[in-house]
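Structure first, then comments.
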Amino acid sequence: MKTRPGEGDIQYLKGVGPVRAALLAKLDLFRIEDLLFYFPRAWQDRRLKKEKSSSLLQSADVFLGTVLESSELYTSTSLRIFKAVLAEGQLRLEGAFFKRHNRRFDVFSGLKKDFKKGERIWLVGKLEDDFFSPKMRVEEYYLSRDLSAELKHINRIVPVYPVTEGLTQKFMRETVFRALSGRPASARGFLPGNLEKKRSLPGREESLKRIHFPGNVSELEGARKRFVYEELFLLALAWAVKKRQSREISKDFGYRVKKTLLTPFRENLGFEFTGAQKKAINEIFSDMLAAKPMARLLQGDVGSGKTVAALSACLLAAENGRQCAFMAPTEILAGQHFFTFKKFLKGLPVRFELLTSGTPAKKKKEILGKAAKGEIDILIGTHSLIEGAVSFKNLSLIVIDEQHRFGVRQRAALRRKGEKADMLIMTATPIPRTLFLSLYGDLDLSTLDEMPPGRKPVETARVPEKEAFEKTAGYLSRGLKAYMVYPVIEESSAELKSVKEEYEKIRDRFGGIPVYMMHGKMKAAEKQRTMEAFSSPGPGALVATQVIEVGIDVPEACVMVIQNAERFGLASLHQLRGRVGRGEHESACFLVSENPGEEALERIKAMCSTNSGFELSEKDAYLRGIGEILGVRQHGDMEFRIASLYEDREIFAQALADRDELLKRDPFLSLPENGELKKELFEIYGTRWNIIDLN
Ligand code: ADP
Ligand code: MG
């Protein structure tokens, strides 16, 4: 899709120039071609007569009228106001423009020239409700005799682009419009013709025009569908090829199940594996014993016992004299795992260490030396373990906990580091199958669909803050522990409670029972100390932010109070709740929310209705949240130009089915009709995902 260097440079497009070219470069826009495929993030309906509405359209207030009079107002501040009264039939509207005063020139000279009595002018902006005389704060205006304005700016659906400071939407519209009109009709793109027909996709050339400047809603929907399909189809294809490619690699090591570590570990555990754990461990082991590297996702609800399953895998490697890296998304969680390992590996000849940014330099050096010499079996840490300077003598297993915190790109980088190592990835955020395929399409899946025995459901309720405190005090007085989660670290607005502020208020509230504080801005060592203190025997409360969302495991903790619950997504609420109900005690989760909006209330109700993450994952509110997390451009890793995994899940399902059919017919994309497709695949995913070749 990119053109050759030196050709089609954006800077030479009329109206751009070097300064704006530099701003466009910040958006990764260098060539005219890039602009054409810089899709809007939304569309605004600026038509006088609106058609049916569509979720794709934002509305705008538009007025066309004849100028009756205009005047300039001076305020006591340095602000200047220009007002114009326009008439259309019986209707009068006062439009206002605001500008900062400038000593050196008349800030409204242009407006004065344009707003002549009798001139017909379009106004776009925000209408203010005023019964007697409607007023508008004007954002843009266009002279009605300037007919070209109706091609791109007014009385039509206009594109809204993601921009950066210094670039206006108007400039973007002008520039994209110019790029489109200078475009020679080119090839039809890379989709095989039969798929275009099968999915009734409009042609590529017209879709390209319509995605920016649609004539109506159905043109917009058609064009959008085309590009969403293109994007998702290519993604689906890339996964399939990547998967095939990794299947062809062979490990340069092999294992035997010796049980020298596994058996004593099992005997030490103090509990039996659940059926689901046994099944998952079997799947993991058979992957590890196979010739090709394992790439497996272990999915299981919070508290289903993923850690010991992963630890079993580490021990199989260690029994065979091979090394493992065990990575967690946060330092707290890495520390927690270290703690857990200490407990479960007591007395076993396994060498394991914790490496985080908080590890003292001397200790760090020692650990690095040992890892390189093969004197550490399991190295626990954050992802810096394999991104950084750590070298292993014979790294054979990479375990990644709470995978949803890592992006696709990061994972691809990991994969590159350890092409031949086995990889086990864990997540407690269940994902529906199509989403799973799009995110982890190259992975095999094991699921822990059973909880360890004796778990009592966490009683979940929405209660007023006062009641939450009283109930918490009750638990604490029985020697138990509680988490109290707040949305922000420091006070930022009146509506949001903050950790620091509330900590000060709460610390004396429970009559001598220790209260701790934990948030992301604390130093690693401090977090570690706090966690250890909180985990030590006896009652205690931990006032924290969402940092404790993942992985924390303190069995005596049995109350979770979530303040400003409306601020959290469903997946997060469920993760937080998963921090309690881990021991033999009755547990509770209290959601405090003074006035949740409609959507927040939907989430809170969903939480109160079930304890199962898998059930929650079927709910719209959950999917929407996941879609947002993994969605379009906000999530740098996915780099979708236009598709949204949640909104477009049906198109995605079609793309997956079409891909399978295509690969069945033409497994190596060697038919001429698929030549363009193959080229595009390597252009987009070749380096990004390290896809080498098809055969
Ligand atoms: P998650 O899947 O959320 O990572 P963990 O691995 O932290 O869950 O396990 C949650 C708790 O359950 C831990 O305290 C762990 O020791 C315990 N556990 C794991 N498996 C079993 C089992 N089969 N029987 C009883 N307790 C178990
Ligand atoms: Mg876990």
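Counting starts at 1 for both ligands and their atoms, following the listed order. Everything numeric here is computed off the predicted structure, so don't read it as measured data. These numbers come from the heavy atoms of this one structure, side chains and all, not from hydrogens, waters or symmetry mates.
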Practice task
Take E283 and S446 through the test side chain to side chain donor-acceptor pair (under 3.5 Å) and record every step on the way to the result.
Solution key: CA-CA 7 Å; E283 287 164 351; S446 292; 2.5 Å; yes
Practice task
Could you note down all residue pairs passing ring-ring contact (aromatic ring centres under 6.0 Å, His included) where residues 279-332 supplies at least one of them, sequence neighbours left out?
Solution key: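 Listed by first then second residue: F326-H337, F326-F341.
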Handout entry: Proximity flag G303 to ligand 1, non-hydrogen atoms under 4.0 Å
Key =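 A heavy atom of G303 does come that close to ligand 1.
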Problem - Pick from G275, G305, P453: the one approaching atom 8 (O) of ligand 1 most closely through a non-hydrogen atom - result: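 Looking at heavy atoms only, the winner is G305.
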Exercise for the section: Report the part of R455 in contact with ligand 1, treating N, CA, C, O as backbone and CB onward as side chain, heavy atoms under 4.0 Å; options are side chain, backbone, both, neither. Expected result: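 Just the side chain.
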Exercise for the section: Determine whether the side chain, the backbone, both or neither of R582 has a heavy atom under 4.0 Å from any heavy atom of ligand 1. Expected result: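 The answer is the side chain of R582.
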Practice task
Would you please classify the geometry between the F352 ring and the F338 ring as parallel, tilted or perpendicular, with 30° and 60° separating the classes?
Solution key: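 Perpendicular: the ring planes of F338 and F352 meet at over 60°.
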I'd like to check which ligand 1 atoms, numbered from 1 as shown, lie under 4.0 Å from a non-hydrogen atom of [X].
| X | value |
| --- | --- |
| F273 | 23 (N) |
| T274 | 23 (N) |
| E272 | 22 (C), 23 (N), 24 (N) |
| F344 | 16 (O) |
| V302 | 3 (O) |
| S304 | 2 (O), 8 (O) |
| T307 | 4 (O), 5 (P), 6 (O), 7 (O) |

Practice task
Answer yes or no: is there an ion pair linking K306 with D401, defined by an N-O contact shorter than 4.0 Å?
Solution key: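 D401 and K306: not salt-bridged.
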Practice task
Answer yes or no: is there an ion pair linking E366 with K370, defined by an N-O contact shorter than 4.0 Å?
Solution key: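 Salt bridge: yes.
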Problem - With sequence neighbours excluded, residues passing ring-ring contact (aromatic ring centres under 6.0 Å, His included) with F265 - result: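 Result, ring-ring contact (aromatic ring centres under 6.0 Å, His included) vs F265: none returned.
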Problem - Distance-only donor-acceptor check, side chains R462 and S593, under 3.5 Å - result: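 Judged by distance alone, the side chains do not pair up.
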Handout entry: Backbone N/O of S612 and side chain of T610: donor-acceptor pair under 3.5 Å
Key =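 Side chain of T610 to backbone of S612: a pair is present.
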